[in-house]
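Below is one structure; the comments refer to it alone.
Whatever order the structure lists them in is the order used to number ligands and atoms, beginning at 1. It should be emphasised that the depicted structure is a prediction, and the values quoted were computed from it without experimental measurement.
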Amino acid sequence: MTTDLSTKYDLKVPRYTSYPTAPHFHDGVDGTTYGDWLSALDPATGLSLYFHIPFCDSMCWFCGCYTKIVKQYKPVSDYLDVVLKEIDLVAAHLPGRFTAHHLHWGGGSPTMLTGDDWMRILDRIRARFDIAPTAEVAVELDPRTATEDYVKALSAAGVNRASIGVQDFHPEVQAAINRIQPYDMTAQVVGWLRAHGIDHVNMDLLYGLPHQTTERVIDMVDQAVSLKPARVALFGYAHVPWMKSHQKLINEADLPGVRARFDQFAAASARLVDHGYLRVGLDHYALPDDGLADALAKGVLHRNFQGYTADTAPVMLGFGASSIGQVPQGYIQNLSPLKTYREHVEAGKLPIARGFALRPEDVLRGAVIERVMCDLAVDLAAIAEAHGAAPDTFTAELEALKPLAEDGIVTLDGPRVTVTETGRPFVRLVAATFDTYLASGQGRHSQAV
Ligand SMILES: C[S@@+](CC[C@H](N)C(=O)[O-])C[C@H]1O[C@@H](n2cnc3c(N)ncnc32)[C@H](O)[C@@H]1O
Ligand code: SF4
């Protein structure tokens with residue numbers, strides 16, 4: 001039954017880190033719109049800040065992130081100068097001083113920044129925003145570039161959570177993705193993080209990579225768990241060579257097929273659960289004492305551009321090329337080309353490429369999709385009521401879910417939709433039922449499982 005479903009529902013649907021999803025953003029939303037949105041915010045609103053550092057020192061062939069390979073530091077420090085100016089620019093549009101509750105550095109590899117540059121950016125953030133004493137300060141970290149001194153510098157800069165890119169530990173898999181990172185290297189970095197007070201360690205693991213097998217992903221999980229990460233993200237490798245041309249370096253003949261991917265996910269997931277991790281949404285796993293598990297239990301888990309989060313701040317300001325932000329009025333994405341991003345900031349213009357102004361119906365559907373993706377269950381009537389919509393707003397969607405119910409993916413109980421354990425890997429398909437933009441040609445997506 002399971003394998004049949006994996007073949008039957010080999011559909012390409014979004015991962016819903018926003019609704020509408022980024023391919024629907026358009027250039028009708030620009031820097032002027034964003035400036036107006038910023039100036040209308042209430043200074044009491046909690047902020048989350050995201051900083052994108054689009055540089056790495058070598059290219060992993062599987063990589064789907066927005067990054068550039070640099071062999072010298074100058075482009076990185078020049079870029080940081082622009083980000084500092086962007087912080088000033090955004091803060092100048094805000095009607096007062098705001099407090100940041102969550103800071104996240106992603107990339108690329110934010111760990112390309114030198115210790116001095118970490119201090120430089122944190123000083124600028126502190127000059128423009130208050131940072132809550134309890135703020136989470138999280139960094140995506142590539143262990144291949146970390147040294148103990150570097151970890152000390154991160155700790156001194158206030159970093160308290162590190163997300164480590166692992167992907168897989170098997171040498172053959174690592175060779176096929178051009179990322180040589182032996183287990184001992186990862187273990188050493190985890191040791192340094194803990195020794196210097198960065199206690200919250202997340203790990204990114206992948207399945208669906210070349211040469212991965214069910215046995216190998218089980219080994220991968222066992223090795224990862226031996227390092228006791230508080231959270232694990234288990235992502236399916238998204239093979240999109242039409243968008244990321246370096247992925248063409250991956251031999252497609254070495255990639256597992258749909259059924260094998262499904263089995264790998266199921267095996268890795270079950271193994272994490274056997275090791276005591278709680279399943280969080282689509283692809284995250286957390287130890288019971290981690291904040292993500294707590295947010296799930298309290299029904300306040302959220303999904304944003306970084307994935308699942310316990311962060312409840314209603315505003316996320318994005319800084320850096322290609323970064324995406326969210327304010328109550330809508331979404332905004334910065335320009336990606338480094339040159340145009342820099343030119344805009346240097347001319348004193350908010351460097352926005354596109355965005356999306358939310359209508360009340362988008363907010364309602366986004367709330368339904370977020371609950372489906374986070375809780376794997378939603379009470380459609382209750383959400384409709386909370387948004388001032390008629391209780392029968394989703395009659396057509398409930399009808400559309402009937403075939404999924406017949407296949408055991410969801411159960412339907414009046415207005416309540418619950419994704420079953422069998423249906424868990426298909427949660428994106430359930431969410432997609434509520435997406436009215438999906439049909440309007442947003443291109444190709446990676447596999448749902
Ligand atoms: C920005 S990277 C993490 C930090 C650092 N650059 C590193 O690789 O260690 C974010 C994560 O995205 C995931 N990722 C990147 N490309 C992916 C792809 N094509 N499909 C699925 N996940 C991908 C990887 O697990 C990676 O660790
Ligand atoms: S996976 Fe991480 S280190 Fe590798 S190229 Fe992508 S962003 Fe850089």
Give the C-alpha distance, both sets of side-chain angles, the deciding distance and a yes or no for ring-ring contact (aromatic ring centres under 6.0 Å, His included) between Phe356 and Tyr437. CA-CA 12 Å; Phe356 199 96; Tyr437 297 96; 5.6 Å; yes
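Side chains of His302 and Glu370: a donor-acceptor N/O pair is present below 3.5 angstrom, by distance only. A donor-acceptor pair shorter than 3.5 Å can be found between the side chains of Asp168 and Gln212.
Atom 2 (Fe) of ligand 2 has its closest protein heavy atom at Arg179 NH1, 3.9 Å.
Residues Phe62 and Phe235 place their aromatic rings such that the two centres sit no closer than 6.0 Å.
Salt bridge Arg428/Asp283: absent, no basic N to carboxylate O contact under 4.0 Å.
Within 4.0 Å of ligand 1, the residues that place a heavy atom are Phe62, Cys63, Gly64, Cys65, Gly107, Gly108, Ser109, Glu140, Leu141, Asp142, Gly165, Gln167, Arg179, Asp204, Leu206, Phe235, Gly236, Tyr237, Ala238, Gln247, listed by chain and number.
The CG atom of Leu292 sits 12.0 Å away from atom CG of Asp289, with the distance rounded to the nearest 0.5 Å. Atom CD of residue Glu172 and atom OG1 of residue Thr213 lie 9.5 Å apart, to the nearest 0.5 angstrom.
Screening residues 311-324 for side-chain hydrogen bond (donor to acceptor under 3.5 Å, both in side chains), with sequence neighbours left out, gives Ser48-Asp311, Ser323-Asn334.
Taking every heavy atom of Asp142 and a limit of under 4.0 angstrom, the matching atoms of ligand 2 come to 3 (S). Listed by number with element, the atoms of ligand 2 under 4.0 angstrom from any heavy atom of Arg144 are 3 (S).
When all heavy atoms of Asp88 and Arg128 are compared, the pair lying nearest together is OD1-NE, 2.7 Å.
Counting only protein N, O or S atoms closer than 2.8 Å to atom 6 (Fe) of ligand 2 gives 1.
If you run ring pair (Phe, Tyr, Trp, His ring centres under 6.0 Å) between Phe305 and each of Tyr19, Tyr50, Tyr331, Tyr66, only Tyr331 comes through.
For Phe129, there are no ring pair (Phe, Tyr, Trp, His ring centres under 6.0 Å) partners at least two apart in sequence or on another chain.
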